[in-house]
2 protein chains.
Amino acid sequence: MGDHERLGSSLGRHMAAKVDLTDVAYLEQLETRSDVDRDPRERTIATAYVALVSANLNPSIPADTAWCHVDELPPTAFDHASIINSGRERLRAKLTYTNVGYALAPETFTIAELRDVYVACLGHAISATNLQRVLLRRKIIKATNDAAPPPSSGGRPATLYRFAERTLLVTDPFAVFRPPRSLDQERST
Amino acid sequence: MGDHERLGSSLGRHMAAKVDLTDVAYLEQLETRSDVDRDPRERTIATAYVALVSANLNPSIPADTAWCHVDELPPTAFDHASIINSGRERLRAKLTYTNVGYALAPETFTIAELRDVYVACLGHAISATNLQRVLLRRKIIKATNDAAPPPSSGGRPATLYRFAERTLLVTDPFAVFRPPRSLDQERST
DNA sequence: TCAAAAGTGTTTATAATACACCCATGG
DNA sequence: CCATGGGTGTATTATAAACACTTTTGA
């Protein structure tokens with residue numbers, strides 16, 4: 001890292017240089033690991049980040065690098081597996097109470113495509129029907145006037161949707177212990 | 001920090017030495033700040049932690065240190081205000097989906113006492129009635145057979161409660177996008 | 001006209017909030 | 001017996017999951 005650089009921007013520079021990942025749509029610091037023996041060769045401290053890129057991009061990567069499905073990761077050195085797991089948990093949580101999905105989806109997409117992205121992140125099946133309802137109710141996505149052509153096997157054309165905002169918004173801040181509804185809010189309902 | 005020490009244990013050592021805070025019930029890493037000019041004197045990187053202690057403790061602290069209500073903090077140097085705010089948000093969120101309150105409450109307590117702790121953390125009013133219901137339903141707290149004596153002004157004695165577990169448990173992992181209920185789980189209901 | 005895929009209508013379940021009311025105590 | 005707080009019963013509201021059914025397309 002350069003002496004006059006922040007950790008985040010340093011990371012962006014390295015990713016662009018090494019793996020051609022110039023279109024990181026969302027970057028979030030995960031955690032700093034300081035275990036004395038995380039690397040047996042020498043004392044290191046590592047600050048990990050989560051970087052999200054659109055699922056339709058396929059940036060060229062060097063021969064010693066590869067894309068992996070989280071459930072099929074090769075064995076990793078040191079505490080890397082634990083860090084990856086921690087990152088996935090963070091993403092899983094954020095998908096449920098923010099609009100962070102915008103960073104994983106292309107500009108426009110069908111609900112089925114978005115469902116696949118969510119399934120990959122969450123690790124369990126979810127229905128396109130309910131995904132659509134939830135995201136529409138929260139006004140996280142909205143329908144465009146376009147539709148995707150059906151596959152050659154036939155089928156109804158799928159409406160294309162887009163994310164309403166492409167910056168992080170917390171849409172469900174209070175799961176419980178909500179502050180009492182103020183009179184202002186009551187009037188607006 | 002010692003060369004052979006983790007960040008967390010180093011922190012514990014410093015807090016015990018400087019502010020007599022030996023009974024930290026919960027410690028969690030918050031974030032690492034690396035802004036180039038966070039300290040104008042020299043380039044520093046700071047990893048911040050959130051430490052929770054029981055609200056009934058009142059450890060002795062040196063003259064240059066003081067307990068402050070979050071809403072009445074004195075002006076702070078560098079990016080400290082922003083870090084403190086970030087820590088409070090973290091605590092607020094964790095109180096809503098984990099049992100982390102155990103780290104802020106004494107062994108036994110009345111619902112009214114616990115309510116005051118929650119109010120201080122969340123920053124808005126919550127009713128003792130609803131707090132009790134939610135925490136009981138989630139099995140985060142349970143009633144003891146004891147009761148606290150009423151104040152001299154009279155009143156019904158308050159049941160004393162305790163936290164069921166005193167280690168971190170995530171009680172509400174899936175706000176939405178829950179995995180489909182398996183047949184196993186269905187049988188057990 | 002049938003299969004495939006998308007989307008809607010409607011029911012059900014769950015969890016939290018709101019609030020009226022009852023209980024137990026000290027003076 | 002009344003003021004003071006604690007606690008319970010119950011209605012309301014909000015949100016999401018489940019699933020049957022309808023729509024729109026290609027062959």
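Throughout, a chain's letter reflects where its sequence line sits, starting with A, and its residues are numbered from 1.
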* To do: Consider the side chain of A:P157, meaning its heavy atoms from C-beta on, and name the nucleotide among D:dT24, D:dA17, C:dT8 that approaches it most closely.
  => D:dT24
* **Gap between atoms CZ and C1', on A:R138 and D:dA16 respectively (whole Å)** => 9 Å
* **Base C:dT8 to side chain A:R156, donor-acceptor N/O within 3.5 Å cut-off** => no
* d(OH, A:Y97; P, D:dA16) in whole Å -> 16 Å
* Asked: Is the shortest distance from a Lys or Arg side-chain nitrogen in B:E113 or B:R115 to a carboxylate oxygen in the other one below 4.0 Å?
  -> no
* Asked: Going through the distances and angles, do A:L135 and A:Y118 end up as a side chain to side chain contact (heavy atoms under 4.5 Å, CB included)?
  -> CA-CA 12 Å; A:L135 297 184; A:Y118 271 70; 3.9 Å; yes
* Asked: At under 4.0 Å between heavy atoms, what does A:A112 touch on the DNA or RNA strands: base, sugar-phosphate, or nothing?
  -> sugar-phosphate
* Asked: Taking A:L30 as the fixed residue, which of A:L91, A:I84, A:V50, A:T47 is the one that meets the side chain to side chain contact (heavy atoms under 4.5 Å, CB included) rule?
  -> A:V50
* Are A:I141 and A:V119 co-members of a hydrophobic cluster defined by side-chain heavy atoms under 4.5 Å apart? -> yes
* To do: Find the distance B:K139:NZ to C:dA15:C1' and express it as a whole number of Å.
  => 14 Å
* To do: Measure distances between side-chain N and O atoms of B:R115 and base N and O atoms of D:dG6, and say whether any donor-acceptor pair falls under 3.5 Å.
  => no
* Base, sugar-phosphate, or nothing: which does B:T110 touch, judged by heavy atoms less than 4.0 Å apart? -> nothing
* Structure fact -> Whichever of B:R137 and B:G155 has the more 5' nearest nucleotide on DNA chain C, that residue is B:R137
* Of the candidate nucleotides D:dG5, D:dA16, D:dT8, which contains the atom at the shortest distance from the side chain of A:D172? -> D:dA16
* Find the distance A:L131:CG to D:dA16:P and express it as a whole number of Å. => 11 Å
* Asked: To the nearest Å, how far apart are A:L135 CG and D:dA17 C1'?
  -> 14 Å
* Value in whole Å for how far the P atom of C:dT8 lies from CG of A:L136 -> 8 Å
* Nearest to side-chain heavy atoms of B:P150, which nucleotide of D:dG7, C:dG26, D:dG5 -> C:dG26
* Presence of A:T159 side-chain N/O under 4.0 Å of C:dG7 phosphate oxygens OP1/OP2 -> yes
* Structure fact -> From CG of A:N130 across to P of D:dA17 the rounded distance in Å is 5 Å
* Structure fact -> Rounded to whole Å, the CD1-P distance (B:I111 to C:dC23) equals 20 Å
* Is A:R88 salt-bridged to A:D71, cutoff N-O under 4.0 Å? -> yes
* Asked: Of the candidate nucleotides C:dA6, C:dA4, D:dG7, which contains the atom at the shortest distance from the side chain of A:A158?
  -> C:dA6
* Asked: Mapping A:P151 and A:T129 to their closest nucleotides on DNA chain D, which lands nearer the 5' end?
  -> A:T129
* So does A:R133 reach the base of C:dG9 with its side chain, donor to acceptor, closer than 3.5 Å? -> yes
